[in-house]
There are 4 protein chains.
Amino acid sequence: MLDAAVRVFSRRGFHAASMDEIADDAGISKPMVYAYLGTKEELFVACLHREGTRLMEAIAEAVAPDLTPDGQLWSGLRAFFRFVGAHRDGWGVLYRQARAQQPFADNLAEMRERMVRVVGVMLAQALAAEGREIRDTDLEVMAYALVGASESLADWLADHPEADPDKTATRMMNVAWLGAAQLLRGDVWHPSGE
Amino acid sequence: MLDAAVRVFSRRGFHAASMDEIADDAGISKPMVYAYLGTKEELFVACLHREGTRLMEAIAEAVAPDLTPDGQLWSGLRAFFRFVGAHRDGWGVLYRQARAQQPFADNLAEMRERMVRVVGVMLAQALAAEGREIRDTDLEVMAYALVGASESLADWLADHPEADPDKTATRMMNVAWLGAAQLLRGDVWHPSGE
Amino acid sequence: MLDAAVRVFSRRGFHAASMDEIADDAGISKPMVYAYLGTKEELFVACLHREGTRLMEAIAEAVAPDLTPDGQLWSGLRAFFRFVGAHRDGWGVLYRQARAQQPFADNLAEMRERMVRVVGVMLAQALAAEGREIRDTDLEVMAYALVGASESLADWLADHPEADPDKTATRMMNVAWLGAAQLLRGDVWHPSGE
Amino acid sequence: MLDAAVRVFSRRGFHAASMDEIADDAGISKPMVYAYLGTKEELFVACLHREGTRLMEAIAEAVAPDLTPDGQLWSGLRAFFRFVGAHRDGWGVLYRQARAQQPFADNLAEMRERMVRVVGVMLAQALAAEGREIRDTDLEVMAYALVGASESLADWLADHPEADPDKTATRMMNVAWLGAAQLLRGDVWHPSGE
DNA sequence: AATGAATGAGCTTTCATTCAT
DNA sequence: GATGAATGAAAGCTCATTCAT
């Protein structure tokens, strides 16, 4: 039943989507939508929540704890891009929508935090394995950058229907891991002469 | 006068923003807004255009052609994060809004393409300097990832008013450049055993 | 429910009539008006159509094909003036409004054409009965004049609530038929000495 | 200066005409329009008045008191149709407009009354010349019918730019005068068997 | 004397939301 | 329990009308 809502929100965007169309698409009457899922905002949050959960589960399932750090990252990225590839409409637009509609910024922020935390843990483990450490803020920002780069490529993937999710994941891995690997080794770039 | 519009669009989002509120915020009457800037859509495009131009100029001004590749990237990133830090509203309108509102996706896409192209050129120059080359698609995707990571950190910066733009730029540089440097040297990560 | 619309359009004119007033007058809420009858223009066309159809039917019903030509004309005129007398509002909408509002001129023109054609056929039959004939343009203009005279008297009737429709019809018949009868006999007036 | 107003009212209709366009067309600024001619309604009345006066004058000038009754009618009709032919826009639309806009109904009614009275006088003179008389109401209605038929043909003329005013006048004369002549002779049509 | 700039008020239209059946 | 019917509220946009220069 949420499927209809996701479809319509994806197709039209949050504001342009009308409860009429959602009810129609779901094959039930409008009052039922209100009875089961409440306000339009609540409905959107519900969509967001479900899609977010599914994504998280898909990734969590893929990241086996016994893998090496780069193996974990790779598995996670691949799962992520596969999910986006399979739910181009749902994910891409839900995400893009949520980012733009102030009222949902918090819901989204929370989701992103969770992803950032997961990535952060991976990085921390990798660091520990190398016997090195890094400031928490740096870790967070780095994780942010990786998540952001992934989101951006996810957008790119959603806009290029013919693109291959796995290949996209490989590319992201190259950008991410090689950079990260350097950092993990202690190589640090800093502005020269300042 | 566009300032008010940028503020309100950023605060509310495109749809939720009402022309009444924009007029109020600007301290003029609604008909004046229409007289000077036309339709709500045209108004938004005008905001988009101005903010985009400002951002581009800020970056272009910073990137001196006689710098080394990493010097260019660093200058560009620093200018970018400084701009975002100083124009949080503008950034909100530019990216968070425009990305989600179908009608403006094109305007935004064009701008992003320009940035991606600029970054791509930098990378290509660096490659040439090393005597190496890379497939165009890979270049594009890589540039996309860098731009995306920057956008994401920009969001982070916009949400953390106390954060320092220059420090954020440095962090981004670390993620970006070290990773890129590896790639430029020919190191390629690929899924093992698949 | 169209009744309210006809009343208000007749009272205010197309432009000056507000959907609010129509909804009020109908005792329902504005969105209902839109749900049932669509746009203001569509609503007006609907009014036009209904009133026009009613008028045509009233006349068609009255004009029995087995009557003599003057009997037909008389029956038609009587039906016409009775209708106008009974539906003063409707008449107002039909003619006074539609004639002036460019977008509806066509709808009206079509109806008037139908009336002109009917009158033209009557005249032609009468001519044939007398073994005479007349140029088509003359016929059309004559029919036009008769229809116009009738419309004018209809206006007069609509403005004089105490006037008797049948008497008005008789008067119109006198003007119309005696003049026509002359013409049919071949008497033609022409400017002397020119 | 009224010319511009007449042009614009003709082109657009009363409501659709904007004061901006009128001022533009007149080559002066809007406040001047208000200074010289007042409200939009007042402006329209002024147009109506001027056009009406011109029409009346054109007719009055043509109707010499020493003519025979049919000579007077003919001269009047010819002047009328010539005027309409020469001012197709102005007259046709002003008239059609005024008829539809409630607020101006009175102004228009007054003008029409004047014409009816003039025609009535002609008919009464003709009657007197024949030594016959007729009830006042009948006279009025007859005059109304003639005026109405003329208006209708004027509309027709305004819509057929290639039509010849004098020919139209002749046709109207045929319809009008032959019918009237009969009536003047005492021939009266009345519903048979009722 | 003439105008550019400004606005209050109003109109059509659309929805999220709820009764009454 | 489910719905067709209904509405309050608001939004975009326009225009007759007037100041302040």
Side-chain angles (χ1 to χ4, degrees), chain A residues 1 5 8 12 14-24 26-44 103, chain B residues 1 5 8 12-24 26-44, chain C residues 1 5 8 12-24 26-44, chain D residues 1 5 8 12 14-24 26-44 103:
Chain A
M1 170 159 347
V8 176
R12 307 271 185 227
F14 176 72
H15 263 103
S18 81
M19 293 302 262
D20 277 280
E21 190 175 356
I22 292 172
D24 263 24
I28 60 178
S29 77
K30 234 185 329 177
M32 281 299 95
V33 177
Y34 279 89
Y36 285 126
L37 299 162
T39 290
K40 192 184 183 186
E41 286 206 358
E42 289 165 359
L43 175 54
F44 188 79
Chain B
M1 171 159 345
V8 175
R12 304 272 185 227
F14 176 72
H15 265 108
S18 83
M19 293 302 262
D20 278 283
E21 187 175 357
I22 293 173
D24 266 22
I28 61 178
S29 75
K30 224 184 342 175
M32 279 297 96
V33 178
Y34 279 89
Y36 285 128
L37 298 163
T39 292
K40 193 183 181 185
E41 282 208 0
E42 289 167 359
L43 174 53
F44 189 78
Chain C
M1 169 156 350
V8 175
R12 305 273 185 227
F14 176 73
H15 265 106
S18 84
M19 293 301 262
D20 277 282
E21 188 175 357
I22 292 173
D24 266 22
I28 61 178
S29 75
K30 228 185 335 175
M32 280 297 96
V33 178
Y34 280 89
Y36 286 130
L37 299 164
T39 293
K40 193 183 182 187
E41 283 208 0
E42 288 168 359
L43 174 53
F44 189 79
Chain D
M1 170 157 350
V8 176
R12 307 270 184 227
F14 176 73
H15 263 103
S18 81
M19 294 300 264
D20 277 281
E21 190 175 357
I22 293 173
D24 263 24
I28 60 177
S29 76
K30 235 183 330 175
M32 281 298 98
V33 177
Y34 280 89
Y36 285 126
L37 297 163
T39 290
K40 192 184 183 186
E41 286 206 359
E42 290 166 359
L43 174 54
F44 187 79

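Below, chains carry the letters A, B, ... as their sequence lines are ordered, and counting in each starts from 1.
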- Task: Decide yes or no on side-chain contact (heavy atoms from CB on, under 4.5 Å) for D:Leu37 and D:Glu42, but give the supporting numbers first.
- Result: CA-CA 7 Å; D:Leu37 297 163; D:Glu42 290 166 359; over 6 Å; no

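Distance CD (D:Glu21) to P (F:dC15): 10 Å, rounded to an integer number of Å. To the nearest angstrom, C1' of E:dT17 lies 13 Å from CD1 of A:Ile22. To the nearest angstrom, P of E:dC11 lies 10 Å from CZ of C:Arg12. One interatomic measurement links the two molecules: CG of B:Asp24 to P of F:dA11, which rounds to 11 Å at whole-angstrom precision. The CD1 atom of A:Ile28 sits 10 Å away from the C1' atom of F:dA2 (whole-angstrom rounding). Separating the CD atom of A:Glu42 from the P atom of E:dA16 is a distance of 14 Å, rounded to the nearest angstrom. Computed from coordinates, the B:Asp20 CG to E:dG8 C1' distance equals 12 Å when rounded to whole Å.
When both pairing distances are held under 3.5 Å, E:dA1 makes no Watson-Crick or G-U pair with any nucleotide shown. Base-pair partner of F:dC13: E:dG10 (Watson-Crick or G-U wobble, both distances under 3.5 Å). Remark: F:dT3 base-pairs with E:dA20. Criterion, Watson-Crick or G-U wobble with two distances under 3.5 Å.
Backbone-only engagement by B:Met19 is indicated by non-hydrogen atom pairs under 4.0 Å involving sugar-phosphate atoms exclusively. Residue-level contact check: D:Ala16 touches neither bases nor backbone, having no heavy atom under 4.0 Å from any strand. No contact: A:Ala23 has no heavy atom under 4.0 Å from any strand.
Across E:dT3, F:dG12, F:dA2, the shortest atom-to-atom separation from the side chain of A:Tyr36 is found for F:dA2. Side-chain proximity of D:Ser29 to the nucleotides E:dA2, E:dT7, F:dA2 is greatest for E:dA2. When each of F:dT18, F:dA5, F:dT3 is scored by its nearest atom to the side-chain atoms of D:Pro31, the top-ranked nucleotide is F:dT18.
Map A:His15 and C:Ser18 each onto its nearest nucleotide of DNA chain E; the residue landing nearer the 5' end is C:Ser18. Nearer to the 5' terminus of DNA chain F, by closest-nucleotide assignment, is the contact made by C:Met32 (compared with the other of C:Met32 and B:Tyr34). Where C:Lys40 and A:Phe14 meet DNA chain E, the nucleotide closest to each residue was compared, and C:Lys40 sits on the side nearer the 5' end.
Closest approach of A:Leu43 to A:Ala5, counting heavy atoms only: CD1-CB, 3.8 Å. Closest of all the heavy-atom pairs between A:His15 and A:Lys40 is O-NZ, 3.3 Å. For C:Ser29 against C:Ala23, the heavy-atom pair with the smallest separation is C-CB, 3.9 Å.
Using a 4.5 Å heavy-atom cutoff, the side chains of D:Tyr34 and D:Met19 are in contact.
Side-chain atoms of A:Lys30 and base atoms of F:dT3 include no donor and acceptor less than 3.5 Å apart.
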